[in-house]
Engineer: 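One structure coming up, written as C-alpha cells, with questions to follow.
Below, each value reflects all heavy atoms present in this structure, side chains not excepted, and no hydrogens, waters or symmetry copies. Lettering follows sequence order; numbering is per chain, from 1.
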Protein chains: 2
Amino acid sequence: MVRKSETSGRLDDAARAGWLYYVAGRTQDEIASSMGISRQSAQRLVSLAVAERLIKVRLDHPIAACLELANAVRKKFNLKHVEVVPSDPGSSSTTVGIAEAAAAEIERWLKRADPIVLAVGTGRTLKAAVDQLPAIECPNHRIVSLTGNIAPDGSAAYYNVIFSMADAVKARHFPMPLPVLVTSAEERETLHGQQLVRSTLEISAQADVTFVGIGELGIDGPLCVDGFLEKDEMMELMRNGAVGEICGWVFDGEGKLLDNPINERVASASIPSRESSTVIGIGKGKRKFKAIKAAVTGHQINALITDEDTAEYLLRP
Amino acid sequence: MVRKSETSGRLDDAARAGWLYYVAGRTQDEIASSMGISRQSAQRLVSLAVAERLIKVRLDHPIAACLELANAVRKKFNLKHVEVVPSDPGSSSTTVGIAEAAAAEIERWLKRADPIVLAVGTGRTLKAAVDQLPAIECPNHRIVSLTGNIAPDGSAAYYNVIFSMADAVKARHFPMPLPVLVTSAEERETLHGQQLVRSTLEISAQADVTFVGIGELGIDGPLCVDGFLEKDEMMELMRNGAVGEICGWVFDGEGKLLDNPINERVASASIPSRESSTVIGIGKGKRKFKAIKAAVTGHQINALITDEDTAEYLLRP
DNA sequence: TTTGCTCATGGGCAATTACTCGCCTATGGG
DNA sequence: CCCATAGGCGAGTAATTGCCCATGAGCAAA
C-alpha cells in the first residue's frame with residue numbers, strides 16, 4: 001500500500017484489491033478496511049482490475065459434452081486439434097469463450113522453451129483473444145503477421161492484432177507494412193518484392209503455429225464492414241460461390257481458394273503449410289457456420305477453436 | 001444442453017455453470033434459466049466449481065507475487081498481518097519501499113475514529129517510515145515510545161522516532177525520558193519507579209498497535225553503531241546465541257528473549273502483548289534475515305512489513 | 001416394510017455487490 | 001488567473017449472491 005500519486009499506483013491498488021477479492025476470497029468490506037478505503041472504492045478497484053484484465057479466470061475441467069464434440073469434429077475433418085467451449089445461449093457475442101480458450105492456447109505455445117515462429121491473422125475474434133493474453137516474455141520466439149496493417153483509407157487497421165499482441169508479449173514481432181487488399185495482382189507483386197516485405201513473408205512461411213480468424217462473407221461480414229470490399233464486389237464473390245475468408249483469402253463451400261480476381265489482389269502472406277505446421281482457426285456463431293465448415297473441409301486450417309453450437313453444426317451430415 | 005444424471009455429470013454441470021458465471025459473465029439467474037434449474041442450484045454449482053478448484057483465477061500484475069508471499073508468510077508464522085513490497089534489486093537501501101508501506105499502515109491506524117494507543121520503537125527503518133507520514137490531526141489518539149530518548153552520551157538520541165512523529169502527527173505523545181540501556185538492573189528499577197516513567201510505561205502496556213524496527217546484531221548493527229554496546233559486549237552476546245533485537249530486547253535464533261545481563265539493563269518498555277494487540281515489525285535485507293526470522297518464529301511480533309527477498313528467505317524450510 | 005441416513009432442492013432472507021447520481025478536486029488550456 | 005473537463009468519491013439504491021432450513025427422494029440396513 002505504498003502511497004503514490006502516480007496513475008500506476010491506482011493499478012497497483014486495483015491489482016491488490018482484485019487479488020484479495022478473487023484469490024484470497026475476502027469480501028469487499030474487508031478489503032476496504034484493510035486498505036483503509038471506503039467499500040465503494042474497494043468495489044471500484046475490483047471492477048477496475050477486471051476491466052483492465054488483470055484478473056484472468058480459466059476453467060480447468062474438460063466438460064464431457066464439449067470433449068466429445070471436439071473429438072468428433074477432430075475425427076470427421078481430420079484435424080490436428082479441436083477445442084470446443086460451452087455455448088452461452090443468452091449471449092450474442094461472437095467471441096466470448098473462444099477468445100479465452102484461444103488466449104490459453106497461444107499462451108501454451110509461447111511458453112515453449114524452444115524458439116518458435118507464431119503467425120497471426122486478423123479479425124475481431126483474434127483481437128479479443130489477444131486482449132486476453134497476460135504479459136509474457138519470450139525473447140526466443142518470433143511473432144509475424146500474415147496480413148497487412150493498413151486500412152483501405154490508409155490508416156492503421158484496428159483489427160491488425162500483432163500490435164495488441166506486442167503490448168502483452170515481449171518477443172520480436174514482424175508486422176506486414178501492406179494493405180490487406182491492393183488494387184491489382186501487379187501491385188501485389190511489386191509490394192511483395194520489397195525487401196522488408198520479403199523477409200516478413202519468409203518468416204511467415206516458417207511459422208510453426210498460426211492463429212487465424214475465420215471471416216464470413218456477406219455485406220455484414222468483416223471484409224465489407226471494414227471497407228475492404230464494396231457491396232457489389234461482395235455480391236459478385238458470393239455469386240461465385242464464396243462462403244468465407246481467412247486473412248482475406250476467399251474460399252468456396254468446399255474450402256477451396258477461389259480462382260477470382262479478388263484473391264489475386266490479396267496482399268496477405270499465404271496461409272502457412274497445413275502439412276508441416278499447425279494452423280488454428282478461431283470462430284463460432286451461426287453467421288460463420290458455413291465459413292468454418294468450408295475452412296475445415298478444405299483444410300485451410302488444421303485445428304479449430306469453436307463452441308458447442310458450431311461443433312454440432314459441423315457434425316451434421 | 002445435454003443433461004446427465006450420473007455423478008460425473010454434476011461436476012460437468014458445475015464446470016459449465018462456473019464457465020458461464022466467470023468466463024461468460026452471466027448472472028446466476030441467467031445460468032439457472034439457461035440450464036433449466038433453480039437459481040439456488042445454479043449458485044450451488046458455481047460454488048461447487050470453486051470448491052473443486054475447477055475455476056482458476058490468476059492475477060496478471062507484478063504485485064501478485066508479493067501478495068502470495070505475504071499470505072504464505074502470514075500462514076507459516078501465524079501472524080496477524082503481513083505486507084510484502086517488491087524488492088528493488090538495484091538498491092542497497094534498507095528502507096526503500098517498506099518505509100512507505102509502513103507509513104501507509106501507520107496512517108491507516110491513525111485515521112481510525114476510535115481512540116487508540118500507538119506505540120513506536122526505534123531504528124532507522126522506523127525513522128524512515130515516520131518521515132513519510134503526512135500531516136495528520138488525531139487528538140483522540142495517544143502515541144507512546146517504547147524506548148528511551150537519551151543516547152549513551154546523554155544527548156537526545158537521533159533514532160528515537162517519537163519526536164519525528166510528533167512533527168507530523170498532532171496527537172498526544174509520550175516519550176520515554178530514559179536511556180536505552182542503563183548500567184544495571186537496579187538502576188532500571190529505580191528509573192522505572194519514577195512517576196513520569198511509570199505512567200508512560202502504563203500507557204505503552206495498553207498499546208493497540210505497535211510499530212517496531214527489527215535490529216540485527218553484529219559490530220555493524222545498530223546497538224554497536226549507536227554506541228549502546230561495546231564491541232566485546234556484542235561479541236559476548238552473539239556467543240550466547242543472540243541474533244536480533246527489538247527496542248533493545250535481545251533474542252536468540254528461536255526468538256526467545258535471552259536470559260542475559262544485557263537484557264536486564266534494557267530500559268525500554270516491554271514489547272506490548274502479542275495476544276491482545278498488534279505488534280508490527282518492519283525490516284528487510286540480508287543482514288536482518290536471521291533477526292526477522294527469529295522475531296516471527298518467537299512471536300516477538302505478530303505482524304510484519306518486509307520485502308520479497310526477505311519473505312522468500314522466511315519461507316525457506 | 002420400516003428406519004435412518006445422505007444429499008439435492010427450493011424458498012426465503014440477510015449479506016454482499018453493482019450501479020447511478022451529484023459533488024468535489026485536480027489538471028490543463030485559453 | 002479562470003473556466004472547462006475528467007475522474008474519483010460517497011451516498012443511496014437496486015441487483016445479485018450466499019446461507020439456513022425444511023422437505024423429499026434414494027438407498028442401505030434392520
Engineer: So, are K284(A) and E83(A) salt-bridged, with charged N and O less than 4.0 Å apart?
Structural biologist: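 Between E83(A) and K284(A) there is no salt bridge, as every charged N stays at least 4.0 Å from the carboxylate O atoms.
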Engineer: In whole angstrom, what separates L45(A)'s CG from dG7(D)'s C1'?
Structural biologist: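 Rounding to the nearest Å, CG of L45(A) and C1' of dG7(D) are 13 Å apart.
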Engineer: List the residues meeting side chain to side chain donor-acceptor pair (under 3.5 Å) with K56(B), not counting sequence neighbours, and say none if there are none.
Structural biologist: D60(A)
Engineer: Mind checking salt bridge (Lys or Arg N to Asp or Glu O under 4.0 Å) for R74(B) and listing every partner two or more places apart, or none if nothing turns up?
Structural biologist: none
Engineer: Generate the contact string for nucleotides 11-27 of chain C. Rules: B means base contact, S means sugar-phosphate contact only, - means no protein heavy atom under 4.0 Å.
Structural biologist: BB----BB-B-------
Engineer: Between the side chains of E312(A) and R316(A), is the shortest nitrogen-to-carboxylate-oxygen separation below 4.0 Å, so that they form an ion pair?
Structural biologist: no
Engineer: For S87(A) and D307(A), what are the C-alpha separation, side-chain angles and deciding distance, and is it a side-chain hydrogen bond (donor to acceptor under 3.5 Å, both in side chains)?
Structural biologist: CA-CA 5 Å; S87(A) 290; D307(A) 76 340; 2.9 Å; yes
Engineer: Please report, rounded to the nearest Å, how far the P atom of dT9(C) is from the CG atom of L48(B).
Structural biologist: 11 Å
